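These numbers were taken from a predicted model, which means no experiment stands behind them.
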Amino acid sequence: MLYSLSQIKNKEVVDVKTGVKIGYVDDAEIDTASSSVVSLLVFGRPRFMGIFGREDDIVIKCDDIELIGEDTILVNFKEKQLCTKSKSYTVENLFK
């Protein structure tokens with residue numbers, strides 16, 4: 001099934017293994033040569049009401065997406081690491 005970014009944008013992303021709510025899809029990374037979506041981006045959480053900026057954005061590869069439902073997107077990270085723009089985290093330690 002084909003989805004537009006506006007349909008995916010407000011869906012919540014949940015990790016299947018841990019049940020952790022990662023956040024909401026905010027943007028997509030697109031390969032302009034092949035016109036395909038490479039990954040989805042979840043913007044980082046604000047630090048201290050946004051005064052100190054945000055945490056790193058979370059990059060979700062399309063290969064990690066298990067199911068796109070009506071309200072949620074279920075992801076299963078094949079690697080134990082979750083990539084952000086500047087760092088890598090283990091999934092279990094990211095939201096502690």
Legend entry - Gap separating the CD atom of E70 from the CD atom of Q7, nearest 0.5 angstrom: 11.5 Å
Inset, instruction - Might you point out which heavy atoms bring C62 and S39 nearest each other, and give the distance in Å? - result: SG-N, 4.0 Å
Inset, instruction - Check whether any side-chain N or O of K21 sits under 3.5 Å from a backbone N or O of E12 as a donor-acceptor pair, and report yes or no. - result: no
Inset, instruction - Would you indicate whether the side-chain heavy atoms of S36 and D31 approach each other to under 4.5 Å? - result: yes
Inset, instruction - Determine the sole option in V59, I65, V13 for which the side-chain contact (heavy atoms from CB on, under 4.5 Å) test with L40 is passed. - result: I65
Legend entry - same_hphob_cluster(V37, Y24) at 4.5 Å side-chain heavy-atom cutoff: no
Legend entry - Residues forming a side chain to side chain donor-acceptor pair (under 3.5 Å) with N10, sequence neighbours excluded: none
Legend entry - I60 side chain near L41 side chain, heavy-atom distance below 4.5 Å: no
Legend entry - Interatomic spacing from CD1 in I22 to CD1 in I73 - rounded to 0.5 Å: 10.0 Å
Inset, instruction - Quick one: list whatever passes side chain to side chain donor-acceptor pair (under 3.5 Å) with S6, sequence neighbours left out. - result: S4
Legend entry - D64 side chain to V75 backbone, donor-acceptor under 3.5 Å: no
Legend entry - Under 3.5 Å: donor-acceptor pair, side chain of K17, backbone of N76: no
Inset, instruction - Return the minimal non-hydrogen interatomic distance between I68 and I8, and the atom names on each side. - result: CD1-CD1, 4.5 Å
Legend entry - ILVMFWY cluster membership beyond V16 - transitive side-chain contacts under 4.5 angstrom: V14, L67, L74
